[in-house]
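A short worksheet on the structure shown next.
Both backbone and side-chain heavy atoms feed into the values below; hydrogens, waters and symmetry mates do not. Both counts, for ligands and for their atoms, begin at 1 and track the order of listing.
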Amino acid sequence: MKKRIFSGAQPTGELHIGNYLGALKNWVALQDEYASFYCIVNLHAITLPQDPKVLRQKTLDLARIYLAAGVDPEKCTIFIQSDVPEHAELTWVLSCLTRMGELERMTQFKDKGKGNERAGVGLFTYPVLMAADILLYQTDLVPIGQDQKQHLELTRDLAERFNRDFGDTFKIPEPFIPPVGAKIMSLQDPAKKMSKSDENLNGSIFLLDDADTITKKIKRAVTDSGTDINFDETRPAIKNLLTIYQLLSGKTADECVAHFAGSGYGDFKGQLAETVVEFLRPFQVRIKEYDDASLDAILKRGAEKARSIASETLQDVYKKTGIK
Ligand code: AMP
Ligand code: TRP
């Protein structure tokens with residue numbers, strides 16, 4: 001039997017090129033080798049306030065983005081988290097095993113919620129829901145960007161704790177963090193990751209940006225002092241731009257450096273903008289290909305398949321814990 005993958009993204013904000021390079025690109029690359037489950041995690045989205053109508057629309061839009069990025073519904077299971085109620089149910093059981101201190105150490109919570117009087121409890125327990133997502137499917141591999149590594153470590157700890165206390169139940173999942181592209185940085189501040197929630201829109205290239213916007217954003221991107229175009233750690237802005245170029249052009253690191261030897265920043269940015277625009281063009285065409293009915297059918301089929309596996313795991317958990 002094929003090994004399993006599980007991953008997901010939140011239907012909030014606009015997906016950017018960091019989400020693509022850090023996560024989606026690898027989902028597509030791995031889908032032939034693994035039985036893959038790609039989820040739209042709408043329950044995670046409400047850990048921060050959302051407009052209900054917008055959330056529903058974004059949930060469906062994100063499914064279209066998965067498809068346009070090349071996730072093949074004939075090979076993978078694509079579904080909406082809330083269509084499989086076992087995710088919320090397992091979260092409760094796991095949250096009874098999770099220690100307050102473990103969640104207090106999560107850096108994402110510290111960034112988004114700590115010190116904010118109005119932060120919801122859901123924002124705090126968010127990593128437990130993520131653990132439930134993964135563990136329900138007896139997942140082998142979880143392709144994610146660098147920012148999710150700590151959440152995956154918690155997932156592994158919870159699985160090990162449950163297995164120790166109640167008997168072998170969950171597979172212990174491994175992270176898949178790409179060697180290049182796991183942390184694409186903001187175009188405006190190379191010390192910050194490119195993020196959906198960044199107020200400065202010039203920091204991110206969104207997958208649905210038009211050619212003009214992309215070109216302007218790249219022209220305005222901050223650079224480092226000096227003139228060389230290379231992957232030097234001390235020149236993080238150029239390294240970040242060159243990484244984007246490398247991943248989209250398919251060239252090796254050495255080929256990229258050789259390609260731009262002697263070029264100025266202006267020329268480099270021009271070629272980078274062209275590469276990004278050319279890459280996103282077919283993607284932006286494909287995203288319009290799925291009408292509501294065919295999308296519905298894909299998601300319904302996905303939810304049924306996911307549910308058949310998730311319910312088996314949850315029944316086992318309920319039996320082992322004496323709930324049933
Ligand atoms: P999210 O947008 O938080 O739902 O993230 C979806 C996926 O994109 C996760 O696997 C993240 O780790 C990944 N990701 C988010 N931001 C970046 C970034 N700047 N660089 C690389 N990967 C990222
Ligand atoms: N927490 C992840 C993020 O914000 C999204 C996510 C939820 C996820 N559940 C998951 C990623 C399970 C991988 C596996 O990016």
Quick test: of every protein heavy atom, which one is nearest to [atom], and how far off is it to 0.1 Å?
atom	answer
atom 10 (O) of ligand 1	Gly145 N, 3.3 Å
atom 5 (C) of ligand 2	Gly8 O, 3.6 Å
atom 4 (O) of ligand 1	Gln10 N, 2.9 Å
atom 22 (N) of ligand 1	Gly18 O, 3.2 Å
atom 11 (C) of ligand 1	Asp147 OD1, 3.3 Å
atom 16 (N) of ligand 1	His16 CE1, 3.6 Å
atom 6 (C) of ligand 1	Asn19 ND2, 3.6 Å
atom 7 (C) of ligand 1	Ala23 CB, 3.7 Å
atom 20 (N) of ligand 1	Ile184 N, 2.9 Å

Would you find more than 12 non-hydrogen atoms of other residues, nucleotides or ligands less than 6.0 Å from [X] atom [atom1]?
X	atom1	value
Lys3	NZ	no
Lys53	NZ	no
Glu312	CD	no
Glu274	CD	no

Step by step, work out the side-chain contact (heavy atoms from CB on, under 4.5 Å) result for Leu208 and Ile287. CA-CA 9 Å; Leu208 299 179; Ile287 204 154; 3.9 Å; yes

Working note: Ile229 + Tyr265, criterion side-chain contact (heavy atoms from CB on, under 4.5 Å); need CA distance, chi angles, decisive distance, verdict. CA-CA 8 Å; Ile229 295 164; Tyr265 285 168; 4.0 Å; yes

Where's the contact between Asp147 and ligand 2, heavy-atom distance under 4.0 Å: side chain, backbone, both or neither? neither

How does Ile134 reach ligand 2, by side chain, by backbone, by both or by neither, if only non-hydrogen atoms under 4.0 Å count? side chain

Sub-3.5 Å donor-acceptor pair from the side chain of Arg307 to the main-chain atoms of Pro85, do we have one? no

Got a donor-acceptor contact below 3.5 angstrom from the Gln284 side chain to the Leu207 backbone? yes

List every atom of ligand 1 that sits less than 4.0 Å from any heavy atom of [X], numbering the atoms from 1 in the order shown and giving each element.
X	value
Lys196	1 (P), 2 (O), 4 (O)
Ala9	4 (O), 6 (C)
Gln148	12 (O)
Gly22	21 (C), 22 (N)

If you measure every N or O of [X] against every N or O of ligand 1, does any of those distances drop under 3.5 Å?
X	result
Lys193	no
Ile144	no
Pro143	no

Can you name the atoms of ligand 2, numbered from 1 with element, that are less than 4.0 Å from a heavy atom of [X]?
X	value
Ser7	13 (C), 14 (C)
His44	7 (C), 9 (N)
Gln10	4 (O)
Val142	13 (C), 14 (C)
Val41	7 (C), 9 (N)

Does ligand 1 have any atom that is closer than 4.0 Å to a heavy atom of [X]?
X	answer
Leu21	no
Gly181	yes
His44	no

Taking distance alone, with no angle check, do [X] and ligand 2 share an N/O pair under 3.5 Å?
X	result
Gln148	yes
Tyr126	yes
Asp133	yes

Take Phe109 and Leu123, measure what side-chain contact (heavy atoms from CB on, under 4.5 Å) needs, and give me the verdict at the end. CA-CA 7 Å; Phe109 175 72; Leu123 192 62; 4.2 Å; yes

Taking Arg156 first and then Glu174, would you say they form a salt bridge - that is, a charged N and a carboxylate O separated by under 4.0 Å? yes

Test: Asp232 and Lys239 ion pair at under 4.0 Å: no

Linking I/L/V/M/F/W/Y whenever any side-chain heavy atoms sit under 4.5 Å apart, do [X] and [Y] land together?
X	Y	answer
Leu67	Leu299	yes
Phe231	Ile17	yes
Leu280	Tyr66	yes
Val257	Val180	yes

Can you tell me how the ring of Tyr137 sits relative to the ring of Phe79, calling it parallel under 30°, perpendicular over 60° and tilted otherwise? tilted

Of the backbone atoms (N, CA, C, O) and the side-chain heavy atoms from C-beta on, which set of [X] has a member under 4.0 Å from an atom of ligand 1: side chain, backbone, both, or neither?
X	result
Met194	both
Ala182	backbone
Met185	neither

Non-hydrogen side-chain atoms of Asp224 and Pro236 separated by less than 4.5 Å: yes

Can you confirm if the aromatic rings of Phe260 and Tyr245 lie within a centre distance of less than 6.0 Å? yes

